[in-house]
Structures are given as C-alpha cells and as structure tokens.
Number of protein chains: 2
Amino acid sequence: MNSVEELRFLVLAAQREGNRILLDLLRPLGVSPSQAEVIRVLADHGPLSLVDLGALLVCETGSPSRLVDGLVAASLVERMPAVDDRRRVILSLTDAGREKEVSIREVEATLHGFIEQSLTTAEIASVNATLHKFVSGRPAGIAVAKRSATPGQRRYAPST
Amino acid sequence: MNSVEELRFLVLAAQREGNRILLDLLRPLGVSPSQAEVIRVLADHGPLSLVDLGALLVCETGSPSRLVDGLVAASLVERMPAVDDRRRVILSLTDAGREKEVSIREVEATLHGFIEQSLTTAEIASVNATLHKFVSGRPAGIAVAKRSATPGQRRYAPST
DNA sequence: ATTTTATTAATGACATGTTATTCAATAACA
DNA sequence: TGTTATTGAATAACATGTCATTAATAAAAT
C-alpha cells in the first residue's frame with residue numbers, strides 16, 4: 001500500500017476510532033456525536049436556521065432536518081418559525097439543551113485528554129495544517145474554519 | 001476552538017470530503033466506498049471468512065454480513081461454506097468481481113492524484129506517522145497496519 | 001400584477017455504522 | 001459421553017449520511 005492510500009485509510013481509521021470513543025463517552029448523556037455537535041454549534045453560534053446550522057456542521061451535508069428532529073423530540077432544541085420569513089425555522093437550545101451542553105463539554109475534555117496522551121502539541125498542529133490544506137474550500141473545511149474562528153471555550157457566563 | 005478540538009473536526013472533515021469525492025468517482029461503477037474496500041481486500045488477501053475480512057476492514061467493526069450481502073447480490077463476491085468448519089463461510093471474488101477491482105484501482109489512482117495535488121509527499125508521510133500513533137492498537141489501526149504490510153499495487157499479473 | 005425562479009424545510013428512500021440477539025456448529029471440559 | 005461455553009454468521013433495530021423530491025414561501029422577472 002502506498003503512502004497516499006495509507007493516508008486515506010488512516011484518516012478513516014482515526015475518524016472511526018475517535019467516534020467510537022466519543023460514542024462510549026456520550027452514551028450516558030443519551031446523545032450521539034452528531035447530536036452533540038449540533039448542540040455545541042447552537043450554543044456557540046446562537047439561534048440559527050436549518051441551512052445556517054448545516055453550513056456550520058462537519059458531520060453532515062445538506063439541511064440537518066432529521067438530526068434536529070431527534071433533539072427537538074428530546075426537548076433539547078426548540079423550533080420557532082422566523083417572523084420575517086415564514087419558510088425559515090429558528091433553532092435554539094432549551095434550558096435542558098444548555099445543561100446538556102455543559103456535560104458535553106466535560107465529555108469532550110475527557111476525549112481531548114485521551115488524544116493529548118497519544119499525540120504531542122506539535123504533532124497536532126502539524127496534522128491540522130495539512131488536513132486544513134486538503135479540506136479548505138470544501139463545505140466541511142469551511143465549516144471548520146468558521147467555527148475555529150470563534151472561541152470554543154466560553155469566556156463569559158451564558159447570557160441567560 | 002483549541003487545537004485538539006480542531007484536529008477532531010479536521011479529521012472528520014477530511015474523511016467526509018474524501019468519501020464524497022470517492023463516492024462520485026465510484027458512482028459509475030455501481031459500488032460504494034465500503035464495497036470497494038471489501039473488493040480490494042478480497043483481491044489482495046485472497047479468500048477470507050467473514051470475521052477475517054472484518055479484521056482487515058477499516059470501514060466497519062464487527063462482521064460485515066450486510067456489506068457482503070450487497071456484493072453477493074451484485075455477483076461480485078461468492079460465498080462458499082468452509083469444508084473443515086461448517087460455521088464459516090469463505091468469501092472470494094467472482095470473475096466479475098476481479099474485473100470490477102481493476103476499475104476500482106483506476107478510480108483510486110484518480111483520487112490519489114487529487115490528494116497529491118493538494119499535499120506534498122512529506123506532508124502525507126508526517127500525517128500518516130501521527131495518525132498511526134493515534135490508532136495503533138485499536139481495531140481500525142490494526143487493520144491498516146496489516147494491509148499496509150502487503151503490496152497494494154499488484155506486482156504480477158493475476159493468477160487467473 | 002402575474003408568472004417564473006429560487007430558497008427553505010420536510011420527507012422518503014437506500015446504503016451504512018453500530019449494537020444486540022439468535023441459531024448452528026465447534027470446542028472445552030467434567 | 002454429555003454438558004457447557006465459545007465461535008461464526010445472519011438478522012433485527014436504530015440512528016446516520018447521502019440524495020431526490022415535494023410543498024410552501026419569497027424573490028425576481030416580465
């Protein structure tokens with residue numbers, strides 16, 4: 001197997017193994033990795049329509065209707081019709097959603113701890129730079145860029 | 001967003017975007033990326049039982065019964081009961097499967113060309129080394145290691 | 001103003017990824 | 001040998017990821 005092919009499968013392997021770890025860590029919270037991403041994006045980027053949410057998600061292309069369905073059913077996300085455009089729906093976290101987000105951040109911190117145990121800061125920065133080159137310009141790359149431009153760790157208490 | 005979190009999403013983004021490119025390239029062949037992986041593994045690693053195949057796949061954990069189902073339905077893979085152990089099933093490529101494999105290798109070469117346009121050889125080697133550290137010891141990492149230990153490009157003509 | 005085009009969200013369809021369960025066949029063991 | 005434990009494959013169930021289609025609304029064009 002040449003290096004490029006190995007890269008393909010190592011990226012796939014890293015995604016799968018990371019997802020499985022996250023799956024295990026999130027199981028007690030009753031949310032999936034994709035659902036956790038939605039909750040984190042809604043927490044960080046305020047109320048969003050479905051398309052705007054979709055543009056910030058890495059986990060899925062297109063409009064994440066079904067993904068949001070599950071979160072609404074779990075009373076973690078609220079759907080509100082937009083006042084100025086009745087096609088649009090505005091999504092925001094409920095109180096329960098905001099509480100869930102705190103737990104999700106704790107789980108993510110645990111996962112990040114695991115990752116930092118196997119990789120050095122320099123290695124992480126190097127991989128980030130290279131992968132960024134590959135995905136830049138594509139939807140998932142744009143989503144990551146938009147989100148990494150904003151603070152992931154909340155600097156102030158929630159405005160609620 | 002800190003570097004570790006960015007790493008998580010860049011790995012996810014790279015996997016998703018790469019998969020979408022492969023999906024498009026494979027569409028004319030009528031096989032999915034996962035099915036293509038099965039065909040490549042069967043071609044390179046000879047007849048295998050379902051569990052042995054599963055151990056070489058990165059795309060899935062557990063025994064890939066359903067994945068193989070589709071390939072058997074498409075007459076690309078053959079199921080044969082093992083003579084010494086009637087629980088086991090021996091999977092091998094049909095003639096059509098071997099022809100399909102040739103096309104799959106061409107598609108992969110195209111994809112690898114795309115990747116090599118955005119990344120240098122040194123970058124690829126560096127990412128590979130780092131991601132390998134992360135997945136080593138885990139099932140998907142073991143699968144990659146086993147497969148990269150064998151020649152991915154066929155050196156001799158098929159024995160058929 | 002009316003028609004046409006574009007956008008938003010929802011829905012259905014199909015293959016995947018994961019997990020748990022079931023059943024047959026083999027292995028281990030008393 | 002007879003019983004129990006383990007293994008291999010198949011199956012079912014549920015949420016995902018992708019794509020196509022549809023209905024309602026808004027925007028653009030004539």
Side-chain angles (χ1 to χ4, degrees), chain A residues 12-13 15-27 29-38 48-55 57-74 76-77 79-91 138-140 143, chain B residues 12-13 15-27 29-38 48-55 57-74 76-77 79-91 138-140 143:
Chain A
L12 177 58
Q15 192 276 316
R16 290 283 195 275
E17 294 296 350
N19 206 53
R20 280 193 272 271
I21 297 173
L22 188 54
L23 211 51
D24 288 344
L25 292 174
L26 285 174
R27 189 163 295 127
L29 307 192
V31 296
S32 68
S34 296
Q35 290 177 329
E37 188 183 353
V38 170
L48 287 169
S49 71
L50 213 41
V51 280
D52 293 340
L53 171 63
L57 290 181
V58 179
C59 67
E60 207 176 306
T61 53
S63 73
S65 295
R66 217 180 13 175
L67 188 51
V68 168
D69 271 351
L71 292 168
V72 171
L76 299 172
V77 168
R79 258 192 260 255
M80 272 185 40
V83 288
D84 58 325
D85 184 341
R86 291 192 305 181
R87 290 171 303 183
R88 291 160 56 97
V89 164
I90 303 303
L91 304 168
R138 299 180 172 281
Chain B
L12 178 58
Q15 191 276 317
R16 289 282 196 273
E17 294 295 351
N19 206 54
R20 281 193 273 271
I21 296 173
L22 188 55
L23 211 50
D24 289 343
L25 292 174
L26 285 174
R27 190 164 294 123
L29 306 193
V31 296
S32 68
S34 296
Q35 291 176 330
E37 188 182 354
V38 170
L48 287 170
S49 72
L50 212 42
V51 279
D52 293 340
L53 171 63
L57 291 180
V58 179
C59 65
E60 208 177 303
T61 53
S63 72
S65 295
R66 216 180 18 176
L67 188 51
V68 168
D69 270 351
L71 292 168
V72 170
L76 299 172
V77 167
R79 260 192 259 255
M80 273 185 39
V83 287
D84 59 322
D85 185 340
R86 290 191 307 183
R87 289 171 302 183
R88 290 160 56 96
V89 163
I90 303 302
L91 305 167
R138 298 181 173 281

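Chain letters run A, B, ... following the sequence lines, proteins first and then strands; every chain starts at 1. Worth knowing before you read on, the calculation uses all heavy atoms, side chains too, and leaves out hydrogens, waters and symmetry mates.
Straight-line distance from the CZ atom of A/R86 to the P atom of D/dA23: 18 Å, rounded to whole Å. Atoms CG (A/L48) and C1' (C/dT8) sit 14 Å apart, rounded to a whole Å. One atom, CD of B/E37, and another, C1' of C/dT16, lie 13 Å apart when rounded to the nearest Å. Rounded to whole Å, the distance from CG on A/L26 to P on C/dT18 is 15 Å. The CD-C1' distance, from B/Q15 to C/dG17, rounds to 11 Å in whole Å. In this entry the distance linking CE of A/M80 with P of C/dA9 reads 14 Å, nearest Å. Taking atom CG of residue A/D84 and atom P of nucleotide D/dA26, one finds them 9 Å apart after rounding to whole Å. Between the C1' atom of C/dT8 and the CG atom of A/L53 lies a distance of 13 Å, rounded to the nearest Å.
When the side chain to side chain contact (heavy atoms under 4.5 Å, CB included) test is applied to B/S63, the partners found at least two apart in sequence or on another chain are B/L50, B/S65. Every residue meeting the salt bridge (charged side-chain N to carboxylate O under 4.0 Å, His left out) condition with B/R79, not counting sequence neighbours, appears here in chain and number order: B/D69. Residues passing the side chain to side chain contact (heavy atoms under 4.5 Å, CB included) test with A/A140 are A/V58, B/A13, B/E17, B/R20, sequence neighbours excluded. Shown here are the side chain to side chain contact (heavy atoms under 4.5 Å, CB included) partners of A/L23, two or more places apart in sequence or in another chain: A/R27, A/P33. Evaluation of the salt bridge (charged side-chain N to carboxylate O under 4.0 Å, His left out) rule for A/E60 yields no partner, not counting sequence neighbours. By the side-chain hydrogen bond (donor to acceptor under 3.5 Å, both in side chains) test, B/E37 pairs with B/R147, sequence neighbours left out.
Distances shown here put every side-chain N or O of A/R88 at or beyond 4.0 Å from the OP1 or OP2 atom of D/dA26.
Using N1 to N3 plus N6-O4 or O6-N4 for Watson-Crick, or N1-O2 and O6-N3 for G-U wobble, each under 3.5 Å, D/dA24 pairs with C/dT7.
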Output side-chain donor-acceptor pairs under 3.5 Å for residues 83-90 of chain A, partner residues at least two apart or in another chain, one line each.
from	atom 1	to	atom 2	distance (Å)
A/D85	OD1	A/R87	N	2.9
A/D85	OD1	A/R87	NE	3.2
A/D85	OD2	A/R87	NH2	3.0

Under 3.5 Å, which N/O atoms of the protein pair with N/O atoms of nucleotides 3-7 of chain C?
from	atom 1	to	atom 2	distance (Å)
C/dT7	O2	A/R87	NH1	2.8

Review point. Tell me, for nucleotides 11-19 of chain D in 5' to 3' order, what letter each nucleotide earns: B for a base near a protein heavy atom under 4.0 Å, S for only sugar-phosphate near one, - for neither?
Key: B-B--BBBS
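In this structure, OG on A/S34 lies 7.0 Å from CG on A/N19, to the nearest 0.5 angstrom.
Between B/L76 and B/V31, the shortest heavy-atom contact is CD1-CG1, 4.0 Å.
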